[in-house]
*Asks:* 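My structure is below; once you've seen it, I'll send some questions.
Every chain is numbered from 1 and lettered A, B, ... according to where its sequence line falls, protein lines coming before strand lines.
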Number of protein chains: 2
Amino acid sequence: MPPHPSADLDTVLGKAVTILRAFTVDDQVLPLAELVRRTELPKATVHRVAGDLVTNRLLDRTDLGYRLSGGLFELGMRASVERSLMELAMPFLQDLYERTHETVHLGVREGHDVVYVAKIGGHRQAKSPSRPGGRMPVHCTAIGKILLAFSDAEVQQELLSSPLERRTPHTIVAPGLLERQLATALETGVAFEREESAVGLQCVAAPVLGDGERALAAISITGPVGRFKPEAFVTPVRAAAQGLSSLVSRRRSLSR
Amino acid sequence: MPPHPSADLDTVLGKAVTILRAFTVDDQVLPLAELVRRTELPKATVHRVAGDLVTNRLLDRTDLGYRLSGGLFELGMRASVERSLMELAMPFLQDLYERTHETVHLGVREGHDVVYVAKIGGHRQAKSPSRPGGRMPVHCTAIGKILLAFSDAEVQQELLSSPLERRTPHTIVAPGLLERQLATALETGVAFEREESAVGLQCVAAPVLGDGERALAAISITGPVGRFKPEAFVTPVRAAAQGLSSLVSRRRSLSR
DNA sequence: GGCTCGCGTCCCGCTGACCGGTACGGTGAA
DNA sequence: TTCACCGTACCGGTCAGCGGGACGCGAGCC
């Protein structure tokens, strides 16, 4: 199963991004053989293209294999939407963290997934599976649910009619239940998650609205089941999200 | 003047990254014509390759032109060194900000430039020219100087023997003076900047050391000339940098 | 030692992906 | 209207890309 079916393998470019996307957030360095396995490209081809990627400074070579280079990091940070969002959001995330000292996330929706744009946490933060630049399914996260609630009806329906992967015993896999949660989320302006993506974690999320009722992004607070009562954080999350909203909606060009 | 001479323009890949790198941190969206101007590639070629980049989800099309896509952001965030560094550093930067409420930076050296990996600031932060993912010359920033001080002697010499660009009236352009500052920085473990990169700004920076005397990264605090006395922040910056150092030096594979 | 297996590298002839000069339609300013 | 500039589309020549296959090497095993 190729990781990203959309890439065109008949072009160098397609092969190149296939190789780049073979790296996951958890991989530090991948040897040639592993790249061959994941991409399912001929060994000679991977060898050559990876070499080209190195000369173009998108990959680094180490004696253990290849890894995504700093140049790629730079490039990625220039992606206008995510970067602007992050820059504008930082002070708000900041405040939120300072007030609560719980893990704070900023995320956007990309297809059926949430992509985390920023994450702030302390030294002994609840160990959540999320990472900046990483993905999680929309249906099992607070951020995902609030983003979905404030999306066009058609994308909401599209997602509800596709199978909902089970992550924990608490993951909501019944479309009907999820749909009802989305409805209340749309009314109340917040969404919750209770151990649906990872056991022991709970979240609250609020939407960052552009013009109209569509969410451009969302902010969430995460904490461990014991001390952390999500309801107690509704107000500060909402405040942060609204503050950011009013800043963002002034700027055009964040449309996505 | 091509922005990155190292790219091989005789290959599709080279053209592709040339197009991608034509975007600066300040560009939101570039029309085809502007890309043609910057890359100095034939219009038909840019049109085609940019189209390929769009189908490969590295670029987005808008009615105003092209822009770097969210997919590229994701990819960039997977660059192992920068991402690990950022994740490990976040709590320390966090603490530092909370204690001082001044703008905090994390940066690494790449050639003659500092690349900012993370930046934390409040709502009304001193408006510095730095941006996450952006670059600044090493010789005129506190981060750059401390990184240079804790580098191999040869790269230090290499830089000292190349022309030092003037950014402000206070920028140090005399190699001798810079060299002396580097020496004291190496002794004291901190470096200062006083309006050398931008008028009205001052910084202190401390190194994040790996094994040995080489710096993997550096942390700095920035503030406006008036209220901000860099000397007052030597201790907290140093503490943050050392805390991160001891965490980082345990992990191999951050070598660069 | 000899054998094998998996790795990274290199070779080399075929071919279709890439190239870019050129032309076209639209849009806004002069 | 004319002109300038934009984005788009066409199309035949050719060379960059392709990948099967061979090679050298080191680690593990017999």
*Asks:* Less than 4.5 Å apart, any side-chain heavy atom of B/Leu216 and any of B/Leu209?
*Replies:*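 In short, these two side chains do not touch, never coming nearer than 4.5 Å.
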*Asks:* Is there side-chain contact between A/Val117 and B/Phe73, with at least one heavy-atom pair below 4.5 Å?
*Replies:*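 The answer is yes, as the side chains (C-beta and beyond) meet within the 4.5 Å cut-off.
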*Asks:* Starting at atom CG of A/Asp52, determine the distance to atom P of D/dG19, rounded to an integer number of angstrom.
*Replies:*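 Rounding to the nearest Å, CG of A/Asp52 and P of D/dG19 are 13 Å apart.
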*Asks:* Please list, in 5' to 3' order, the outermost nucleotides of DNA chain C lying under 4.0 Å from any heavy atom of chain A.
*Replies:*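 First and last nucleotides in contact are C/dC7 to C/dC18.
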*Asks:* Does A/Arg48 have a side-chain nitrogen or oxygen under 4.0 Å from the phosphate oxygens OP1 or OP2 of D/dG17?
*Replies:*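 Result: no.
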*Asks:* Identify each atom pair where a protein N or O and an N or O of nucleotides 9-11 of chain D are less than 3.5 Å apart, giving names and distance.
*Replies:*
none

*Asks:* Can you find a heavy atom in the side chain of A/His105 that is under 4.5 Å from one in the side chain of A/Met136?
*Replies:*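 Sidechains of A/Met136 and A/His105: no contact.
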*Asks:* Taking side chain as C-beta onward, heavy atoms only, is A/Leu41 less than 4.5 Å from A/Ile19?
*Replies:*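 Yes. Closest side-chain heavy atoms under 4.5 Å.
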*Asks:* Could you check if a side-chain atom of A/Thr171 sits within less than 4.5 angstrom of a side-chain atom of A/Leu164, using non-hydrogen atoms only?
*Replies:*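 Answer no - side chains too far apart.
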*Asks:* Would you kindly give the CG-to-P distance between A/Asn56 and D/dG17, to the nearest whole Å?
*Replies:*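 One finds 10 Å between P of D/dG17 and CG of A/Asn56, rounded.
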*Asks:* On DNA chain D, does the nearest nucleotide to B/Leu32 precede the nearest nucleotide to A/Leu41 from the 5' side, or the other way round? Give the residue.
*Replies:*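 Nearer the 5' end of the strand: B/Leu32.
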*Asks:* Mind checking if A/Thr45 touches a base, just sugar-phosphate, or nothing, with heavy atoms under 4.0 Å?
*Replies:*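 If one applies the 4.0 Å heavy-atom cut-off, A/Thr45 turns out to touch a base.
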*Asks:* Does one side chain, of B/His112 or B/Glu158, offer a donor that lies under 3.5 Å from an acceptor on the other?
*Replies:*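 B/His112 vs B/Glu158: donor-acceptor pair found between side chains.
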*Asks:* Might you point out which heavy atoms bring A/Leu93 and A/Ala118 nearest each other, and give the distance in Å?
*Replies:*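 So the two residues come closest at CD1-CB, 4.0 Å.
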*Asks:* Find the distance B/Leu64:CG to D/dC6:P and express it as a whole number of Å.
*Replies:*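 Rounded to whole Å, this separation is 15 Å.
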*Asks:* Just jot down the salt bridge (Lys or Arg N to Asp or Glu O under 4.0 Å) partners of A/Glu74, sequence neighbours excluded, or say none.
*Replies:*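 Salt bridge (Lys or Arg N to Asp or Glu O under 4.0 Å) check on A/Glu74 returns A/Arg78, B/Arg135.
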*Asks:* Nearest nucleotide by nearest heavy atom, which residue falls closer to the 5' end of DNA chain C, A/Val12 or A/Tyr66?
*Replies:*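 Its nearest nucleotide lies further toward 5', so the answer is A/Tyr66.
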*Asks:* Between B/Lys43 and A/Glu34, which is nearer to the 5' end of DNA chain C once each is assigned its nearest nucleotide?
*Replies:*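 So the residue in question is A/Glu34.
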*Asks:* Under 4.0 Å between a side-chain nitrogen and a carboxylate oxygen: does that hold for A/Asp27 and A/Arg38?
*Replies:*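 A/Arg38 and A/Asp27: salt-bridged.
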